[in-house]
S.K.: 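Encoded as structure tokens, here's the structure I'll be asking about.
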Amino acid sequence: MNKLWYLSQISMFDSLPLEDLMEIERMAPMKTIQKHTLIQTPATFREGLYFIKKGKLRLYKINSEGRQFTLGILGEGNVFGEIDTFSLGTKGIYIETMEETLLCSLTKEEFESFLTQRPQLALKLLKVLSERLLEREAMLEQLALGGIRDRVLHLLVKLADQFGVEKADGFSKIDLVLSHQELANMIGASRESVTVVLNELVKQDLIRTGRMSIQIRLDEAKKELSQ
DNA sequence: TCATTAACCCCAG
DNA sequence: CTGGGGTTAATGA
């Protein structure tokens with residue numbers, strides 16, 4: 001499993017010919033980052049483009065009281081970064097690895113020259129950007145309106161859509177190692193409230209929980225949310 | 001009324 | 001011991 005294999009797994013590059021993949025391989029060194037490492041803070045922000053080849057990153061802000069608020073989680077194949085005004089929404093935030101991660105990066109200059117030669121790549125990036133904006137909007141909406149139960153359910157559905165692994169019995173296992181505290185951080189709630197809601201959802205047979213693991217009936221959960 | 005705070009508890013590693 | 005998870009009375013917007 002060499003570098004090229006990883007690049008071919010990245011959906012953004014699916015439609016690029018092999019020569020382009022090889023060029024990127026030359027330009028973009030890949031490095032391994034240990035779990036629970038801060039790879040970006042508002043202070044250390046640098047322009048450029050980053051691809052996640054393997055692993056998971058958590059993006060979060062810290063409010064004035066020092067509490068974290070998770071904006072989202074990026075996994076294998078996702079991109080982030082900024083070049084001038086072309087923002088993928090990752091400026092001014094903290095980014096931390098949730099597990100060992102393989103990251104590949106292009107500098108601002110490398111990415112700009114690569115982009116101008118390949119307009120189809122710019123189009124794909126535009127799509128990524130607009131999707132991410134829509135998701136932020138939906139997230140803010142449910143955050144302002146819903147009670148804790150809805151916010152937890154919404155979060156679990158979103159995580160299962162992104163990281164869920166279908167099981168034979170109708171449950172999707174969320175392939176992330178998350179404590180109740182981390183779930184609480186993602187929706188701006190207390191750990192205790194999340195624990196209570198999670199146990200309610202277990203009683204309603206919408207989810208199953210284990211230590212640092214959650215399975216969810218995705219279709220049932222979505223029905224609950226639309227009511 | 002609903003969620004947070006604070007103070008406990010137990011359990012696994 | 002530490003960190004995750006569970007519980008509840010008091011408190012507060």
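Just so it is clear, the model here is predicted, and its values are computed rather than measured. Sequence lines set the chain letters: A, B, ... in the order given, protein chains first and strands last, and positions in each chain run from 1.
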S.K.: For A/T195 and A/E192, does a side-chain donor sit closer than 3.5 Å to a side-chain acceptor?
M.R.: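 Not at all, the side chains of A/T195 and A/E192 share no donor-acceptor pair under 3.5 Å.
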S.K.: For A/K35, is there an ion pair with A/E100 - N to carboxylate O distance below 4.0 angstrom?
M.R.: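 Answer for the salt bridge query: no.
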S.K.: Considering non-hydrogen atoms only, spot the tightest contact between A/I207 and A/L198 and give its length.
M.R.: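 Closest approach of A/I207 to A/L198, heavy atoms only: CD1-O, 3.6 Å.
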S.K.: For the ring pair A/Y60 and A/Y94, is the centre-to-centre distance below 6.0 Å?
M.R.: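 Under 6.0 Å, so yes.
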S.K.: Could you tell me whether A/E224 and A/R149 make a salt bridge, using a distance below 4.0 angstrom between a side-chain N and a carboxylate O?
M.R.: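 Answer for the salt bridge query: yes.
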S.K.: Where do N or O atoms of nucleotides 3-6 of chain B meet protein N or O atoms at under 3.5 Å, pair by pair?
M.R.:
| from | atom 1 | to | atom 2 | distance (Å) |
| --- | --- | --- | --- | --- |
| B/dA3 | OP1 | A/I148 | N | 2.8 |
| B/dT4 | OP2 | A/S190 | OG | 3.2 |
| B/dT4 | OP2 | A/S193 | OG | 2.3 |

S.K.: Show me, pair by pair, the donor-acceptor contacts under 3.5 angstrom made by side chains of residues 210-218 of chain A, not counting sequence neighbours?
M.R.:
| from | atom 1 | to | atom 2 | distance (Å) |
| --- | --- | --- | --- | --- |
| A/Q215 | OE1 | A/R208 | NH1 | 2.7 |
| A/R217 | NH1 | A/D205 | O | 3.0 |
| A/R217 | NH1 | A/D205 | OD2 | 2.6 |

S.K.: If you apply the rule salt bridge (Lys or Arg N to Asp or Glu O under 4.0 Å), what do you find for A/K203 with A/E200, and how did you get there?
M.R.: CA-CA 5 Å; A/K203 274 181 202 131; A/E200 278 169 25; over 6 Å; no
S.K.: Dump every N/O contact between nucleotides 2-5 of chain C and the protein below 3.5 Å, one line per pair.
M.R.:
| from | atom 1 | to | atom 2 | distance (Å) |
| --- | --- | --- | --- | --- |
| C/dG4 | O4' | A/R211 | NH2 | 3.4 |
| C/dG5 | OP1 | A/M212 | N | 2.9 |
| C/dG5 | OP2 | A/H180 | N | 2.8 |

